[in-house]
S.K.: 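I'd like to ask you about the structure that follows.
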Amino acid sequence: MTALSLSQLQAGYDPDLPIVKGVSFTVKKGEAVCILGPNGAGKSTMIKAIAGLVPCFGGQVRLGETDVTGLPSHLLARNGMGFVPQTENIFTRLSIIENLQIAAQLLPKHERPGRIEAMLDMFPDLAARPRELAGALSGGQRQMLAAARALLTEPEVLMLDEPSAGLSPKLVGQVFETLRRISETGVTLVLVEQNVRAALTLTERALVLVDGKLAHDGPTDVLHDGKFLGELFLGHRAAEAGQ
Amino acid sequence: MNPQAIIDGLIAGSTIGLGAIGLTLTYSILRFANFTHGDFLAWGAYLTLTVAGVLGGLAAGLGAPVYPFSFGWGLPLAMLGGVALTVALTLGLDRVLFGKLRARGADAIIIVMASFGASMALRSLLEFIFTAKPVYFTKALQIAKPLGLGMRATPDQLLVIGLTALLVLALHLLVTYSATGRAMRAVSEDPGLAGVYGIDVAKVVRVTWIIGAGMACIAGVMAGLLVQIRPYMGFDLLLPLFSAAILGGIGSIPGAMLGGLIIGLSEAFAVQIIGAEWRAAISFVILVIVLMLRPQGLFGQKEA
């Protein structure tokens, strides 16, 4: 069953200069997929376009069977799309519990306390001090709050934009362990990541984006060969695929 | 020094504080300095006066003063109508002007300049419709009653201070503890992220205008009740409003109120110490000092 599909998506900030140039792929329900690529390949722009934060100029985005192309981000969130931006992904001037309460507004009233409680159980670091300002959290704890916020509404698809960005190796390990637990609950996971090694341990399928186009779509095991991935990043493999 | 300055300052500060609340909310959520806000005060007063006139025509008894105040039940009823009409005016202005500029991604300075132009248009329109001649909600004379320590106040003045305290408390509780308030604080911090959280930012913007316009109308009615109603009454308050909002810290409701009271008290004491002709300069002096020493204001947060 399809959770998310893109068909010839074109997106960016200027219709004459699209950054994402006709990308198509399908993600099955419960699948964990990582999107890799060199800097400037358009990975973050693509995920933001899916999340309704960057304009789409052509093509289609479907969430399940629903066409959600160009929907504003708050309607996508209400339709089951969870998105965790790369940085500035929590409200630092609000407390931890207030961050979760805002997300819980999307749920029926009777479900809200239970779901907030479930997230605090899942992330004990947050449960220890729910009234503290989120701005006081460490980098890793911020990522956990961002993930808790996105998971709270039980989204159909959870997309994360470089959750390891700016974190120490120890914290990257913690964050990816958290993502592994999330993935095991059956949530469809789409992950944009620069930390290739960490991403490949978490997901079973990788999409490689080069210059706004899909250069590879397949299992992650072939990408453990650094040379193959390097060629993809440099565009040699993409050129071969195009021939 | 005459202690009456304290009462005079609190009364002026109440009007300034209520007006500054709308300004600070608009500034923090829509991210522009709204020069039309002073004119919303004036429009609120005139619209309330118009509704009061209609109500007085329908039921003459509504205009009879209710002891110990100088006005009858018609004024509070008319103020509800005035608030509704002022809200309609601000939402209409946002729809035809500010909202369109936001949708085009216009820079803040463009929106500020547009608000400056709209302010002049609104003021001229008031003058065209109602003329520049001052008008009054009531011409009944009130005797100020002694409060002790050499201070005196009329019942109307005490009502203004009490109503202001009540409104500020209610608004503070709304913004601090309600879902609407949390959404407003979230949009104020990061509108893009607020959308990702599922917040309808356009709805939060509307709520901000509604609260700001409501407070502006009530502040205008208060100023009109205690002094007089003139097309320039809001424009004359603009600098104190900005000073109070910046002094309190952008986005802070208690800050805006406290800023308003400090400005009001400073003006009242300045009148006694250095003369009434310097009253208007006090807001400017305070604004400059705050911007130089603590630009985030008393309760504001430093930009990260």
Side-chain angles (χ1 to χ4, degrees), chain A residues 13-14 47-48 50-55 71-107 109 112 131 133-136 142 145-155 158-161, chain B residues 24-25 27-29 31 99-100 102-107 172-208 248-256 295-304:
Chain A
Y13 299 92
D14 180 346
I47 203 170
K48 282 180 188 165
I50 299 170
L53 295 170
V54 165
L71 273 189
S73 53
H74 74 277
L75 291 181
L76 278 162
R78 284 158 201 237
N79 275 285
M81 177 84 77
F83 175 55
V84 179
Q86 182 178 345
T87 53
E88 282 138 24
N89 48 24
I90 55 167
F91 294 111
T92 56
R93 294 185 213 153
L94 270 60
S95 69
I96 292 169
I97 197 80
E98 283 178 323
N99 270 273
L100 297 177
Q101 284 169 335
I102 288 181
Q105 286 298 120
L106 297 180
L107 299 171
K109 209 168 184 175
R112 292 173 195 168
R131 306 271 163 207
L133 276 185
R142 285 180 186 215
L145 177 57
R149 182 277 301 169
L151 279 174
L152 192 141
T153 52
E154 297 183 306
L158 175 61
M159 303 193 300
L160 300 104
D161 189 4
Chain B
T24 204
L25 289 178
Y27 203 124
S28 70
I29 289 174
R31 291 157 196 262
K100 283 199 163 37
R102 280 199 306 277
R104 285 186 202 168
D107 287 339
H172 177 62
L173 293 176
L174 174 93
V175 170
T176 309
Y177 298 109
S178 74
T180 303
R182 278 194 294 272
M184 288 171 76
R185 284 184 286 142
V187 173
S188 154
E189 186 174 334
D190 188 339
L193 182 61
V196 169
Y197 268 59
I199 294 171
D200 184 348
V201 176
K203 187 176 164 190
V204 171
V205 167
R206 282 196 297 277
V207 170
T208 305
I250 292 300
S252 167
I253 287 175
Q296 75 271 31
L298 296 173
F299 297 102
Q301 284 160 316
K302 272 187 177 174
E303 289 293 322

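Order of the sequence lines sets the chain letters (A, B, ...), proteins ahead of strands, with each chain counted from 1.
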S.K.: Can you tell me which portion of Gln105(A) sits under 4.5 Å from chain B's heavy atoms? Options are side chain, backbone, both or neither.
M.R.: side chain
S.K.: How far does OH of Tyr197(B) sit from CG of Leu152(A), to the nearest 0.5 angstrom?
M.R.: 10.0 Å
S.K.: How about Glu88(A) and Leu193(B): do any of their side-chain heavy atoms sit closer than 4.5 Å?
M.R.: no
S.K.: Give, as side chain, backbone, both or neither, the part of Thr92(A) having an atom under 4.5 angstrom from any heavy atom of chain B.
M.R.: both
S.K.: Does any non-hydrogen side-chain atom of Arg93(A) lie less than 4.5 Å from one of Arg185(B)?
M.R.: no
S.K.: May I ask you to name which of Ala77(A), Ala51(A), Ser73(A), Ala104(A) has the most heavy-atom pairs under 4.5 Å with chain B?
M.R.: Ser73(A)
S.K.: When you measure from the side chain of Arg78(A) to the backbone N and O of Gly198(B), does any donor-acceptor pair fall under 3.5 Å?
M.R.: yes
S.K.: Please look at Thr180(B) and chain A and tell me whether the side chain, the backbone, both or neither of the residue comes under 4.5 angstrom of a heavy atom of that chain.
M.R.: neither
S.K.: Among Asp190(B), Ile199(B), Asp200(B), which has the most heavy-atom pairs under 4.5 Å with chain A?
M.R.: Asp200(B)
S.K.: By a 4.5 Å heavy-atom criterion (distance strictly below it), what part of Ile90(A) contacts chain B: side chain, backbone, both, or neither?
M.R.: both
S.K.: Using non-hydrogen atoms and a 4.5 Å limit, figure out which bit of Pro72(A) sits close to chain B: side chain, backbone, both or neither.
M.R.: neither
S.K.: So which of Ala194(B), Ala186(B), Gly192(B), Ala179(B) has the largest heavy-atom pair count under 4.5 angstrom toward chain A?
M.R.: Ala186(B)
S.K.: Given heavy-atom pairs under 4.5 angstrom as the criterion, report whether the side chain, backbone, both or neither of Leu106(A) touches chain B.
M.R.: side chain
S.K.: Does any non-hydrogen side-chain atom of Val196(B) lie less than 4.5 Å from one of Met81(A)?
M.R.: no
